[in-house]
Structure formats: C-alpha cells, structure tokens
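Quick notes on the structure that follows.
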Amino acid sequence: ILNVEQSPQSLHVQEGDSTNFTCSFPSSNFYALHWYRWETAKSPEALFVMTLNGDEKKKGRISATLNTKEGYSYLYIKGSQPEDSATYLCAFMAGSNYQLIWGAGTKLIIKP
Amino acid sequence: NAGVTQTPKFQVLKTGQSMTLQCAQDMNHNSMYWYRQDPGMGLRLIYYSASEGTTDKGEVPNGYNVSRLNKREFSLRLESAAPSQTSVYFCASRGVYEQYFGPGTRLTVT
C-alpha cells in the first residue's frame with residue numbers, strides 16, 4: 001500500500017517568520033509530486049507539480065524542492081503572511097495512470 | 001469560466017435513502033475524479049473516469065456508483081446511504097497534470 005506522510009500535522013507561525021514542512025512518499029515508481037493549497041471553505045488549488053529529481057519550483061514567497069531518490073519534498077514559505085493560512089496538501093503520482101495518493105495535509109496558521 | 005461545479009453544496013440523508021451528486025466541468029478535460037475527504041485523512045479516490053465512456057474504481061468504491069454522462073459531466077450515486085458515508089465529497093478534473101476541484105458537497109447521513 002502506497003503511503004504519503006506529511007509533517008507536521010499543524011503549525012503555528014508568527015507573521016513575518018519563514019517556515020517549511022515535509023512530504024514523504026515512496027521512492028519507487030515515481031512519476032510526479034503535487035502540492036496543493038486548501039483554504040478554509042474553498043477547494044484545493046494546485047501550487048506546484050514536480051517531476052524531476054532536484055526540481056525546485058517557486059511562486060512568489062512559496063517554493064518547493066524535490067528529492068525522488070530519498071522520497072521527500074519540502075515546501076517553504078518565506079515571510080509568512082496571514083493569507084498564507086491554509087492546509088497544504090501533497091500528492092504522489094505513481095506511474096503514468098495519473099492517479100494521486102494524497103497526504104493528510106499540514107495545517108498552517110499564521111499568528112498576527 | 002466556471003471551472004468545476006458541484007451540486008448540491010449540502011445534503012442531509014437518512015440511512016437507506018439514495019441520492020446523486022452532480023459534477024460538471026467546462027475545461028474540456030478528459031479525466032474526472034470523485035474523492036471523499038474525512039477529518040485527519042487525505043483525499044481518498046472513490047471512482048475516476050479517464051475519458052468519456054469509461055469509469056474505474058478507486059480506493060474506496062463500495063457503496064457508490066458513477067456515470068460519465070458525457071465529457072462534461074460525471075455523477076456519483078449513493079444507492080442506500082449509510083452513516084459511514086458522512087463526508088465531504090469533491091469532484092475534480094485533470095488538466096495536463098494538475099487537478100481542478102469543485103467546491104465540494106458536505107453530506108451527512110443520519
């Protein structure tokens with residue numbers, strides 16, 4: 001059974017501080033790793049799709065790295081703002097059938 | 001551009017009742033998905049449709065059926081609702097890689 005683990009489960013960060021969290025996934029049969037942002041009362045929205053070992057993606061203050069050999073990805077947020085408060089989901093795609101296996105998410109709360 | 005739409009947004013059913021959750025997308029995507037989301041767990045795939053006319057079981061298909069009516073629409077049916085099916089249901093469609101989600105349906109079965 002393929003499993004995707006995210007840590008920590010939740011995180012409180014002071015506004016202005018930088019933070020990061022982890023997604024661990026099986027290192028075999030890797031096809032892609034997705035990050036989604038899920039705000040309360042909204043739907044998940046794609047942040048990044050990463051396919052190559054060593055990939056680094058950036059969107060504004062948010063960036064992500066990928067290590068497929070050891071099976072982990074980090075999401076970084078620089079200078080956290082209140083609007084960054086959300087649950088961040090990662091999802092692993094094994095093989096080319098495009099099905100995603102989802103982690104339970106990291107809930108980020110930014111304290112003003 | 002509406003993206004992915006779902007109806008209804010909320011529903012309360014009694015055990016044994018049936019209902020259909022509707023989903024439509026206007027992005028001309030081939031693949032569509034139904035997920036359920038339960039507290040403390042990741043999204044779990046119920047059924048998916050890789051293209052019009054095809055459907056396949058996901059991780060948790062028991063108690064559900066689906067219909068891919070055409071390229072736009074993918075419905076999820078609960079034939080005899082059970083309390084274990086209380087959940088938030090999301091429909092999604094896939095672009096090149098990323099998935100686009102509907103607003104969700106919060107279903108309570110009493």
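Proteins come first, then strands; the chains are lettered A, B, ... in the order of their sequence lines, and each starts at number 1.
Clustering ILVMFWY residues whenever any of their side-chain heavy atoms sit less than 4.5 angstrom apart, transitively, puts B:Ile46 in a cluster other than the one holding A:Val4. Cluster membership for A:Tyr72 and A:Phe92, using ILVMFWY side-chain heavy atoms within less than 4.5 angstrom, is not shared. Under the 4.5 Å side-chain contact rule for hydrophobic residues, B:Val109 and B:Leu76 share a cluster. Residues A:Leu89 and A:Leu100 are members of one and the same hydrophobic cluster, defined by side-chain heavy-atom contacts under 4.5 angstrom among Ile, Leu, Val, Met, Phe, Trp and Tyr. No chain of hydrophobic side-chain contacts below 4.5 Å, direct or via other Ile, Leu, Val, Met, Phe, Trp or Tyr residues, connects B:Tyr35 to B:Leu107.
Looking at B:Val88, neither its backbone nor its side chain comes within 4.5 Å of chain A, counting heavy atoms on both sides. For a residue to count as touching a neighbouring chain, one of its non-hydrogen atoms must lie under 4.5 Å from one of that chain's; by this rule A:Trp35 does not touch chain B. Only the side chain of B:Gln37 comes within contact range of chain A, judged by heavy atoms closer than 4.5 Å.
Chain B is approached within less than 4.5 Å, heavy atom to heavy atom, by no residue from residues 78-87 of chain A. Residues from residues 13-22 of chain A never place a non-hydrogen atom less than 4.5 Å from a non-hydrogen atom of chain B. For residues 42-68 of chain A, heavy-atom neighbours of chain B at less than 4.5 Å comprise A:Ser43, A:Pro44, A:Ala46, A:Val49, A:Thr51, sorted by residue number.
Annotation: B:Arg44, atom CZ; neighbour count of heavy atoms from other residues, nucleotides and ligands within 6.0 Å is above 12.
Checked against a 6.0 Å centroid threshold, the rings of B:Phe101 and A:Trp102 count as neighbours.
Pairs passing the ring-ring contact (aromatic ring centres under 6.0 Å, His included) check and including a residue from residues 37-65 of chain B, sequence neighbours excluded, read B:Tyr64-B:Tyr89.
To the nearest 0.5 Å, atom OH of residue A:Tyr36 and atom CG of residue B:Leu43 are 9.5 Å apart.
By number of non-hydrogen pairs under 4.5 angstrom with chain A, the leading residue of B:Tyr100, B:Phe90, B:Tyr97 is B:Tyr97.
B:Glu98 and A:His34 get closest at one heavy-atom pair: CA-CE1, 3.9 Å.
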